[in-house]
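Here's the structure we're looking at; comments come further down.
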Protein chains: 2
Amino acid sequence: MRISNSRVTATEVARKAGVSQPTVSLVLSRNPKARVAPATRARVLKIAQELGYRPNRLAQGLVRRRSYALGVIVPGFDNPVYAAVISGAEKVAAQAGYAVLLCEAKGSEVVQHLEALRDRQIDGVIIAGIAASTLPAAALDGLNVVLVNQPSEKFSTVGSDSLKAGTIAAEHLLALGHRRLAFLGPADAIPAFRLRERGFFQALRGAGVPLSSELIQRAAATVAGGLAGMRALLALSERPTAVFCANDLMALGAHKACSVAGVGLPRDLSLLGCDDIEMAQLVTPELSTIAVPARELGARAVRLLLKQIDAHGALPPASQLLAVKLVARGTTGQHAPAQPR
Amino acid sequence: MRISNSRVTATEVARKAGVSQPTVSLVLSRNPKARVAPATRARVLKIAQELGYRPNRLAQGLVRRRSYALGVIVPGFDNPVYAAVISGAEKVAAQAGYAVLLCEAKGSEVVQHLEALRDRQIDGVIIAGIAASTLPAAALDGLNVVLVNQPSEKFSTVGSDSLKAGTIAAEHLLALGHRRLAFLGPADAIPAFRLRERGFFQALRGAGVPLSSELIQRAAATVAGGLAGMRALLALSERPTAVFCANDLMALGAHKACSVAGVGLPRDLSLLGCDDIEMAQLVTPELSTIAVPARELGARAVRLLLKQIDAHGALPPASQLLAVKLVARGTTGQHAPAQPR
DNA sequence: TTGTAGGCGTTATCAC
DNA sequence: GTGATAACGCCTACAA
């Protein structure tokens with residue numbers, strides 16, 4: 001029963017209920033220690049209900065010095081992993097009464113977005129897929145921050161065990177008998193990818209199976225990048241027998257490159273991705289990969305952030321590391337040495 | 001040179017500059033008719049710069065009765081189409097100084113999200129993938145709204161020509177010689193899908209090639225839905241020779257179902273999707289589809305919305321319809337009548 | 001228990 | 001030109 005255009009204010013409710021505006025505020029703020037006479041409380045609640053009163057969050061924010069809004073910054077939505085992180089984050093945030101301000105940013109845009117978020121008195125920021133170390137120190141100063149999938153001394157983080165993912169990848173491929181392995185990863189220093197890479201390399205070194213540099217291909221962490229990278233690997237005089245990709249998008253690009261080049265998966269080549277995005281199950285053969293709980297990362301990031309906000313920034317940085325899991329599907333198989341014809 | 005924790009306010013700038021606070025506001029607001037003595041203006045600007053002053057947008061919003069924020073509501077991020085819409089929207093919004101509040105909502109959650117957006121004094125809302133007609137009338141009352149990909153008398157819309165998409169689909173498949181066609185679509189009344197469906201049916205009827213009801217399969221507009229739907233179609237005693245899917249996700253699920261069932265595309269069956277998401281090019285054979293400019297839809301939706309906001313809601317609902325385009329790839333081919341063995 | 005006063009940081013309307 | 005003064009809608013004291 002709202003009067004059209006303009007919203008009902010607490011003052012109007014107060015007037016109609018025959019009380020003062022702060023009393024309305026008192027009743028509506030579910031403050032336990034705010035004792036109000038049951039009669040007035042009931043009256044105020046009734047009128048508020050009738051008028052469809054809802055507090056103006058901008059005004060609340062101004063006086064409480066909080067916006068009840070969270071910023072989420074990702075490099076792009078084209079990667080389903082970030083979409084999943086955002087989805088998980090948004091759900092938890094909404095349940096807690098927080099809004100999610102979405103920012104898609106690469107490079108220096110990140111700083112501008114952060115400033116814009118500050119102007120809106122944002123309560124906290126979640127950053128995924130962008131290395132915090134590449135940002136000027138001041139950019140995150142005094143902000144509640146949770147980083148997704150990148151370790152940090154200074155900020156709280158929620159991540160999957162990327163190092164382990166790399167290790168698992170190496171172990172899986174080694175166990176299948178592969179000895180000539182390749183890695184396909186991005187050129188940019190995106191933390192999660194770097195860790196997957198390092199875990200992979202370390203495990204290989206530990207097993208005495210080093211990677212020569214021509215077997216490390218770098219390209220954008222996209223389908224197109226994976227396609228190009230795999231083409232380069234296939235052009236080698238001596239091809240690898242197994243390839244680990246920094247993420248599933250690259251792996252799917254690589255998958256396509258193999259399909260185009262007539263390279264049989266997994267007969268001629270084993271291919272392993274990382275993330276386990278839905279698409280991985282759509283290609284034929286289905287992509288073997290390492291599952292990362294992206295949605296859960298987003299959800300946890302918000303929970304951790306809210307905890308920090310409530311603690312008034314008096315909490316030391318916390319970190320959570322979620323387990324990853326090998327999902328062996330159709331693109332990885334036993335190494336078949338020189339085919340007898 | 002910001003004093004750590006708390007932000008610099010206009011009052012502080014005023015004090016240091018030896019002017020009143022409103023004067024600072026006057027100088028900073030790029031209001032042309034606000035004539036200030038060049039000397040004061042310069043001084044204020046200098047101090048503001050030094051102190052790193054930035055206006056508090058919450059406070060601005062309170063008095064201007066605007067939040068400089070837009071809400072975007074979609075049913076889910078798992079569909080790359082919505083991700084693209086959001087991406088396009090966010091970019092334009094950010095350039096105009098607007099924030100994007102993201103909401104993922106199905107069913108009755110939509111209303112709650114809308115209320116929450118109202119509480120934040122949202123300046124406008126973009127809705128994609130959710131039928132406005134399913135919302136209670138009051139939910140959008142007095143709000144600046146732009147609907148994406150659904151026609152409306154009452155609200156502004158930005159869409160692709162969904163009806164035409166259906167027509168194109170029918171014409172393409174008919175031209176290839178198919179006469180036993182099937183349709184795979186969602187059970188829910190999502191406007192864009194319904195229109196594609198209608199366009200398809202109309203064109204078929206016009207060509208004298210009606211669809212019997214068993215050739216209309218309904219399932220969720222997801223990969224899983226497409227998978228299930230195609231399985232049902234393949235189980236028919238007399239299979240269709242061509243299938244049009246309401247969107248690419250369903251088509252990819254259908255693609256997978258064929259792959260699993262050993263049904264050769266396009267030899268045994270032609271398959272056509274709609275949207276042209278990136279994934280369409282990753283499967284083998286590549287998915288034929290109808291391209292929809294999703295990113296552009298998002299971008300235009302924001303531009304239209306901003307125009308409406310600036311017009312103070314005194315503008316009649318406007319509508320834009322973008323063209324769609326057939327992208328014939330590998331899953332559609334000439335109808336091959338009963339193979340001679 | 002409730003009302004009054006004051007302020008959050010900004011913009012808008014006036015007198016000066 | 002410039003500076004008070006009054007909102008915007010709410011919350012936190014403190015006084016009644």
Side-chain angles (χ1 to χ4, degrees), chain A residues 2-3 5-45 47-48 51-68 97 118-123, chain B residues 2-3 5-45 48 51-69 97 118-123:
Chain A
R2 190 187 309 114
I3 307 305
N5 219 335
S6 168
R7 286 171 66 99
V8 175
T9 74
T11 310
E12 295 180 53
V13 175
R15 196 158 39 74
K16 293 224 179 185
V19 297
S20 77
Q21 179 272 316
T23 303
V24 174
S25 184
L26 215 58
V27 172
L28 273 295
S29 77
R30 298 243 153 269
N31 198 331
K33 72 181 174 190
R35 295 203 51 75
V36 183
T40 32
R41 143 168 274 124
R43 188 152 33 95
V44 169
L45 284 176
I47 304 276
L51 264 48
Y53 168 71
R54 312 200 93 214
N56 180 328
R57 309 216 65 168
L58 254 46
Q60 280 186 335
L62 186 58
V63 52
R64 298 222 273 239
R65 289 144 164 260
R66 295 182 50 179
S67 59
Y68 295 92
R118 275 183 202 278
D119 295 345
R120 291 174 189 280
Q121 309 289 99
I122 207 83
D123 292 338
Chain B
R2 188 187 309 117
I3 309 303
N5 219 336
S6 169
R7 287 171 66 99
V8 175
T9 74
T11 310
E12 295 179 53
V13 175
R15 196 159 37 76
K16 293 223 177 183
V19 298
S20 77
Q21 179 271 316
T23 303
V24 174
S25 181
L26 214 58
V27 171
L28 273 294
S29 79
R30 298 243 153 266
N31 198 329
K33 71 180 173 189
R35 295 205 49 77
V36 184
T40 4
R41 143 168 273 123
R43 191 152 32 96
V44 168
L45 283 176
L51 264 46
Y53 167 73
R54 312 199 93 213
N56 180 330
R57 308 214 66 167
L58 255 46
Q60 280 186 335
L62 185 57
V63 54
R64 296 221 274 236
R65 286 142 166 267
R66 293 182 49 180
S67 60
Y68 295 92
R118 275 183 203 277
D119 295 346
R120 293 174 187 281
Q121 308 290 101
I122 208 80
D123 292 339

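- The distance between atom CD of B:Q121 and atom C1' of C:dG9, rounded to the nearest whole Å, is 16 Å.
- As rounded to whole Å, 8 Å separates atom C1' of D:dC10 from atom CG of A:N56.
- For B:Y68, no side-chain nitrogen or oxygen approaches OP1 or OP2 of C:dT10 to under 4.0 Å.
- Rounded to a whole Å, the CZ atom of A:R120 is 22 Å from the P atom of C:dC8.
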Show each protein N/O and nucleotides 1-5 of chain D N/O combination with a separation under 3.5 Å, one pair to a line.
{"from": "D:dG1", "atom 1": "O3'", "to": "B:A37", "atom 2": "N", "distance (Å)": "3.4"}
{"from": "D:dT2", "atom 1": "OP1", "to": "B:T40", "atom 2": "OG1", "distance (Å)": "2.9"}
{"from": "D:dT2", "atom 1": "OP2", "to": "B:A37", "atom 2": "N", "distance (Å)": "2.3"}
{"from": "D:dT2", "atom 1": "OP2", "to": "B:T40", "atom 2": "OG1", "distance (Å)": "2.9"}
{"from": "D:dG3", "atom 1": "OP2", "to": "B:T23", "atom 2": "OG1", "distance (Å)": "2.9"}

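- Here the side chains of A:Y68 and B:R120 are in contact, with some heavy-atom distance below 4.5 Å.
- A salt bridge links B:R54 with A:D119: the closest approach of a Lys/Arg side-chain nitrogen to an acidic carboxylate oxygen falls below 4.0 angstrom.
- Taking atom CD of B:Q60 as the reference point, atom C1' of C:dT10 lies 7 Å away to the nearest angstrom.
- Distance CG (A:D119) to P (C:dG9): 14 Å, rounded to an integer number of Å.
- Counting heavy atoms from C-beta outward, A:V27 and A:L45 have side chains that approach closer than 4.5 Å.
- Counting to the nearest Å, the C1' atom of D:dC10 and the CZ atom of A:R65 are 14 Å from each other.
- Qualifying side chain to side chain donor-acceptor pair (under 3.5 Å) partners for A:T23, counting only residues two or more places apart in sequence or in other chains: A:S20.
- Distance B:L28 CG to C:dT11 P: 8 Å, rounded to the nearest Å.
- In this structure, of D:dC11, C:dT11, C:dT10, it is D:dC11 that holds the atom nearest to the side chain of A:S25.
- The 5' end of DNA chain D is approached more closely, in terms of each residue's nearest nucleotide, by B:L62 than by the other of A:R64 and B:L62.
- Between A:T11 and A:V24 the shortest side-chain heavy-atom distance does not fall below 4.5 Å.
- Proximity of A:L28 to A:V44: side-chain heavy atoms (C-beta onward) are separated by under 4.5 Å at one or more points.
- Computed from coordinates, the A:R66 CZ to C:dG9 P distance equals 16 Å when rounded to whole Å.
- Between the CD atom of B:Q21 and the CG atom of B:L26 there is a distance of 10.5 Å, given to the nearest 0.5 Å.
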